[in-house]
Amino acid sequence: MSMYGDEAYKLAKEAKRTTDILPPYNDELVRSVSREIRALSAESDAMLTSLRARGATYADDPGAACAVLVQQLAAKRDKRCLFAYHRQRLERVKELVWEAGPAGVQREVKRCASATELEFFDCYKEKVVGAYKHLFTEVDLLGGGLDPPKDLFIEVRVVKDCGEIQTEYGVLNLSKGSQFFVRRTDVETLIKQGFLRHVS
Amino acid sequence: MGDDYYNIDAILADQQKLPCIFKCDVKGLGYLDGNNDVDLRRDTKVELPFWLVETLAKAPDLFEVAGLPKYYGTRVRSALNASPTSIDFRSLCPYYYMFGVRLVTLLKDDPLTEMLGKAFKARLQLIMDYAQNGSSQEQTEFLQMLDETEREHAIH
């Protein structure tokens, strides 16, 4: 027996399952819930019109009144589930803006977010940088994440060839697949750009 | 509702179903009792989710709640009174308290209110014990029987 609101319930359950990750946007389910809302609204409209055409009110036809009420409640419920689903995702997207390593994060966001969420991600990032940049001129706000680094030196693996770089301690030849133990500050930008990966 | 509007747990808790009766024929709801009729005949018992019941119950001349789900019935109640710590809420209803609170607000079932409170207190002791120093076999089994509200307490 399928019932109004069942699809929306699935959406809520999905949100519950994935509280701390950003799962791929469930376009299909969102669409089907929206469709249900539209269908419900059309049904109530039709029922109201026929009621009015007969010159009757709800008091004359309690059956119709109940039906319309059920449809309205179902539509409200569907909306509530939709809102909650999207809100949880947005909160997660906001967290991702603040989290470390934009290269990796951006990959995750791009893979899982809907087009609108992606737009939100970019706008939010811009706003954060715009709002705080002049206050903390020395801090790279969204560069390294909010957790303080644990060590001065880190282990990195080269993901893409990027030739030789000069550091205080000499020359590093970064060819793909090799691994180095280097000063964090020397390679931070390269990690961000996706050439290196931090291995712990 | 208020603050709970976006709360996923509250949404899920409101999905629990209750047996109900409409006191008039309702157009287009025939599919609810598995009949092929288009309309739902009056006085047919159907299971409706709480988010419908909550509002419909405000019209007592059209609609009536016809009992409680089994897991709030006499059997579970006496079991819960006898030994609150050995009831498996997870398989009964993962939102036992949250839904229970919603129910008693609607139906004014004082014995149920009292029972929920007692059970929660009794189980909370074990939960705190687990949170502070738990990993024994027995405790892990108990952890499987918690409802969502209790899990929050146990894990965080």
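Any value given below was found using the heavy atoms of this structure, including those in side chains, with hydrogens, waters and symmetry copies removed. The chains referred to below are lettered A, B, ... by the order of the sequence lines, with proteins before strands, and numbering in each begins at 1.
Hydrophobic clustering keeps A:F121 apart from A:Y25 (ILVMFWY residues linked when any side-chain heavy atoms are closer than 4.5 Å, directly or through intermediates). No path of Ile, Leu, Val, Met, Phe, Trp and Tyr side chains, each step under 4.5 Å between heavy atoms, connects A:L90 with A:L11, placing them in separate hydrophobic clusters. With hydrophobic clusters built from ILVMFWY side chains whose heavy atoms lie under 4.5 angstrom apart, B:L107 shares a cluster with B:V76. Transitive grouping of hydrophobic side chains (ILVMFWY, heavy atoms separated by less than 4.5 Å) brings B:L80 and B:L92 into a common cluster. A:L96 and A:F120 fall within the same hydrophobic cluster, where Ile, Leu, Val, Met, Phe, Trp and Tyr residues are linked whenever their side-chain heavy atoms come under 4.5 Å apart, directly or through other members.
Counting non-hydrogen atoms of neighbouring residues, nucleotides and ligands closer than 6.0 angstrom, the CZ atom of B:R77 exceeds 12 such neighbours. Annotation for A:E91: atom CD counts as buried by contact number, over 12 foreign heavy atoms lying within 6.0 Å. When the shell of 6.0 Å around CD of B:E114 is examined, it contains 12 or fewer heavy atoms from other residues, nucleotides or ligands. Atom CD of B:Q125 has 12 or fewer neighbouring heavy atoms from other residues, nucleotides or ligands inside a 6.0 Å radius.
Applying the salt bridge (Lys or Arg N to Asp or Glu O under 4.0 Å) rule to pairs touching residues 87-99 of chain B yields B:R90-B:E148, sequence neighbours excluded.
Legend: residues meeting side chain to side chain contact (heavy atoms under 4.5 Å, CB included) with A:E28, ordered by chain and number and at least two apart, are A:N26. Partners of A:D27 according to the side chain to side chain donor-acceptor pair (under 3.5 Å) rule, which considers only residues two or more places apart in sequence or in another chain, are A:R31.
At least one side-chain heavy atom of B:K27 sits under 4.5 Å from a side-chain heavy atom of A:D61. B:L56 is listed as a side-chain neighbour of A:L69, based on a closest heavy-atom distance under 4.5 Å. Residues A:L73 and B:E54 have side chains not in contact (no heavy-atom distance under 4.5 Å, counting atoms from C-beta outward). Residues A:Y85 and B:I8 have side chains not in contact (no heavy-atom distance under 4.5 Å, counting atoms from C-beta outward). Here the side chains of B:F22 and A:V70 are in contact, with some heavy-atom distance below 4.5 Å.
Here B:W51 contributes atom CH2 and A:C81 contributes atom SG; the two are 8.5 Å apart, rounded to the nearest 0.5 Å. Separating the CG atom in B:L52 from the CD atom in A:Q72 is a distance of 12.0 Å, to the nearest 0.5 Å.
Residues of residues 38-49 of chain A lying under 4.5 angstrom from chain B, judged on non-hydrogen atoms, are A:M47 in numerical order.
Of the two parts of A:A8, neither the backbone nor the side chain holds a non-hydrogen atom closer than 4.5 Å to a non-hydrogen atom of chain B. If you measure heavy-atom distances from B:D9 to chain A, the contacts under 4.5 Å come from the side chain alone.
Nearest heavy-atom pair, A:C66 versus B:C24, reported as atom, atom and distance to 0.1 Å: SG-SG, 3.9 Å.
At least one donor-acceptor pair closer than 3.5 Å links the side chain of A:R80 to the backbone N or O of B:Y5. At least one donor-acceptor pair under 3.5 Å links the side chain of A:R77 to the backbone N or O of B:I11.
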